[in-house]
Protein chains: 2
Amino acid sequence: MTARRGRPSPSVLSRDRILLAGLALVDEEGLDAVSMRKLARRLGVDPMSLYNHVDGKDALLDGIAEVLLAAIPAPPPEADLRETMSALAHGFRAAMLDHPRAAPLVLTRRLASMTALAPVEAALAPLLAAGFPPDRAVHGLRAVLAFLIGTLMREVEAAPTFGGSVQRLADLSASGLPAVAAAAPYLAVCDHEAEFEFGLRIMLDALGEP
Amino acid sequence: MTARRGRPSPSVLSRDRILLAGLALVDEEGLDAVSMRKLARRLGVDPMSLYNHVDGKDALLDGIAEVLLAAIPAPPPEADLRETMSALAHGFRAAMLDHPRAAPLVLTRRLASMTALAPVEAALAPLLAAGFPPDRAVHGLRAVLAFLIGTLMREVEAAPTFGGSVQRLADLSASGLPAVAAAAPYLAVCDHEAEFEFGLRIMLDALGEP
DNA sequence: ACCTGAACACCGTTCAAGT
DNA sequence: ACCTGAACACCGTTCAAGT
């Protein structure tokens, strides 16, 4: 019932093994460093062997994005609507922060597959169950998602190479732009957690009642 | 006072000419198609000549992003705070929609240059002038920006290749996911304009009073 | 100061051949 | 059914040489 065919020998390659190795490669070296050849080297295999399990580089990246999305946990079933939406948003954020260098794959690519639709279902189902008409449910979900994507893009791209932000603060103060200079101490640092909670509350408030 | 040196001959290459040609290349063929070599070919020049005016491919892409940002018009000076913020947001959106294939350069890259700071100044100045303390001004601006970036990413990535959305609707209905199927007609289409106005109103309302 | 071209170390993917 | 390797048409960038 579980084995796809009667082949017990652990074949070297599989779509899953490739995607996981790809994710590890992104985690370690970043998105720009991903190449079919390097990934094949890492798996001890000819580059062209990957094409037996994955449709090409773009499909590989989509597959890695789906691995990230699959890590979002289902919200507790006894939660009310607001708790459910909040849990999904926090789960989404946690999944992205677990793999910050791969997160842009989810945040910037149009994902069309079935498995990419699962989180949409998880958010839409409680909205409809709470009595939201489908058009308003979709509308509200889109607004929340836009905020989540924008916030996470900022959080995940925040250059970790950027040592102390002291230099950045000095640059901002010396920018010659008066408002930027005046707000420099607050521009130089960002409490991502607080920004996330602040914006999420706004968006969930805006959802309103069915 | 304006000429940098007494060289009247219109030298073939300049940073600006390169950035504009780069933007045109992105507009026509998309981001993935951009290469230093192809851009040089388009300019009738050796690929390596570009490096005299631009620091490399990454700097080229940053430069193109700055060209986009520079197209955001200054808001009318007599406008009140809300009108000013709204005008900036609409100007930002219009600038991105003028070059949808280049927009991800602005929306997904961390821009550090001075010219990328100009729009921040334009938004921060009226907030401070209206009496917002700098920490709240930065906080509010970040929330609005996150929403704008997320919304515009969706709008700009929406595959224009995707013929009628009839096929997509059928896929969604047949997904086996009940909530997705129930909301399929609304998931299949997106009124980007309305989503933008809806979310912008929420974020500007959330700014509150100083 | 700017432009050139050869060279280096890479890419993604097609295709014919193997087992 | 899966894996291989040669081959093709590309990349970004360094470096030495030209003017």
Side-chain angles (χ1 to χ4, degrees), chain A residues 2-26 28-65 101-102 104-105 108-109 161, chain B residues 2-26 28-65 101-102 104-105 108-109 161:
Chain A
T2 160
R4 207 173 252 272
R5 256 332 149 74
R7 169 104 92 66
S9 94
S11 116
V12 220
L13 238 38
S14 76
R15 183 176 156 85
D16 277 359
R17 239 173 75 70
I18 290 173
L19 295 184
L20 290 180
L23 177 54
L25 179 54
V26 178
E28 289 168 30
E29 308 190 30
L31 272 179
D32 290 345
V34 176
S35 79
M36 298 298 273
R37 295 167 117 110
K38 198 185 289 190
L39 180 54
R41 223 176 295 135
R42 177 182 274 253
L43 286 162
V45 116
D46 185 276
M48 287 316 299
S49 300
L50 302 178
Y51 287 80
N52 289 307
H53 303 90
V54 148
D55 241 10
K57 191 181 181 181
D58 252 41
L60 169 75
L61 296 178
D62 284 344
I64 297 177
R101 307 182 85 171
L105 293 175
T108 71
R109 294 168 80 83
T161 14
Chain B
T2 160
R4 208 172 252 271
R5 257 329 151 74
R7 168 102 93 67
S9 95
S11 116
V12 220
L13 238 38
S14 74
R15 183 178 156 85
D16 278 359
R17 240 173 76 68
I18 290 172
L19 295 184
L20 289 180
L23 177 54
L25 179 55
V26 178
E28 290 168 31
E29 307 191 30
L31 271 178
D32 289 345
V34 176
S35 79
M36 297 298 276
R37 295 167 118 112
K38 198 184 290 190
L39 181 54
R41 223 176 297 135
R42 176 181 274 254
L43 286 162
V45 117
D46 185 277
M48 288 315 299
S49 301
L50 302 178
Y51 287 81
N52 288 308
H53 303 90
V54 147
D55 242 10
K57 190 180 181 182
D58 254 42
L60 169 75
L61 297 177
D62 285 342
I64 296 176
R101 308 181 85 170
L105 293 175
T108 71
R109 295 169 79 83
T161 12

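Nothing here was measured: the structure is a model prediction, and the numbers come from that model. Values below: every heavy atom of this structure, side chains too, minus hydrogens, waters and symmetry copies. Note on naming: letters A, B, ... go to the chains in the order of the sequence lines (proteins, then strands), and numbering restarts at 1 for each one.
Atom CG of Asn52(B) and atom C1' of dA16(D) are 14 Å apart (whole Å). Rounding to whole angstrom units, CZ of residue Arg37(B) and C1' of dT13(D) are separated by 9 Å. Put simply, OH on Tyr51(A) is 21 Å from P on dA1(D), counting in whole angstrom units. Atom NZ of Lys38(B) and atom P of dA9(D) are 15 Å apart (whole Å). Here dG12(D) presents its P atom at 10 Å from CG of Leu39(B), a figure rounded to the nearest Å. For the pair Leu60(A) CG and dC11(C) P, the computed distance is 14 Å after rounding to whole Å. Summarising the geometry, the separation between CE on Met48(B) and C1' on dC15(D) is reported as 9 Å, rounded to the nearest angstrom. Summarising the geometry, the separation between CG on Leu43(B) and P on dC3(C) is reported as 11 Å, rounded to the nearest angstrom.
Here, dA9(C) and dA9(D) have their P atoms 22 Å apart, quoted to the whole Å.
Heavy-atom neighbours of Asp46(B) CG from other residues, nucleotides or ligands within 6.0 Å: above the threshold of 12.
The shortest distance between the side-chain N/O atoms of Arg15(B) and the OP1/OP2 oxygens of dC2(C) is not below 4.0 Å. Regarding contacts with the backbone of dC3(D), a side-chain N or O of His53(A) is found under 4.0 angstrom from either OP1 or OP2. Put simply, Ser49(A) has no side-chain N or O that comes within less than 4.0 Å of OP1 or OP2 on dC2(D).
Counting non-hydrogen atoms under 4.0 angstrom, Ser35(B) reaches the backbone sugars and phosphates but no base.
Using N1 to N3 plus N6-O4 or O6-N4 for Watson-Crick, or N1-O2 and O6-N3 for G-U wobble, each under 3.5 Å, dC15(C) pairs with dG5(D).
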(request) Starting from the C-alpha separation in whole Å, work towards a yes-or-no answer on side chain to side chain contact (heavy atoms under 4.5 Å, CB included) for Leu23(B) and Leu19(B). (result) CA-CA 6 Å; Leu23(B) 177 54; Leu19(B) 295 184; over 6 Å; no
(request) Step by step, work out the side chain to side chain contact (heavy atoms under 4.5 Å, CB included) result for Leu13(A) and Ile18(A). (result) CA-CA 7 Å; Leu13(A) 238 38; Ile18(A) 290 173; 4.0 Å; yes
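Looking only at side-chain heavy atoms (C-beta outward), Lys38(A) and Glu29(A) come within less than 4.5 Å of each other.
Residues Leu50(A) and Asp58(B) both approach DNA chain D. Their nearest nucleotides, taken by heavy-atom distance, put Leu50(A) toward the 5′ side.
Considering all non-hydrogen atoms of both residues, Arg15(B) and Val54(B) come closest at NH1-CG2, 4.1 Å.
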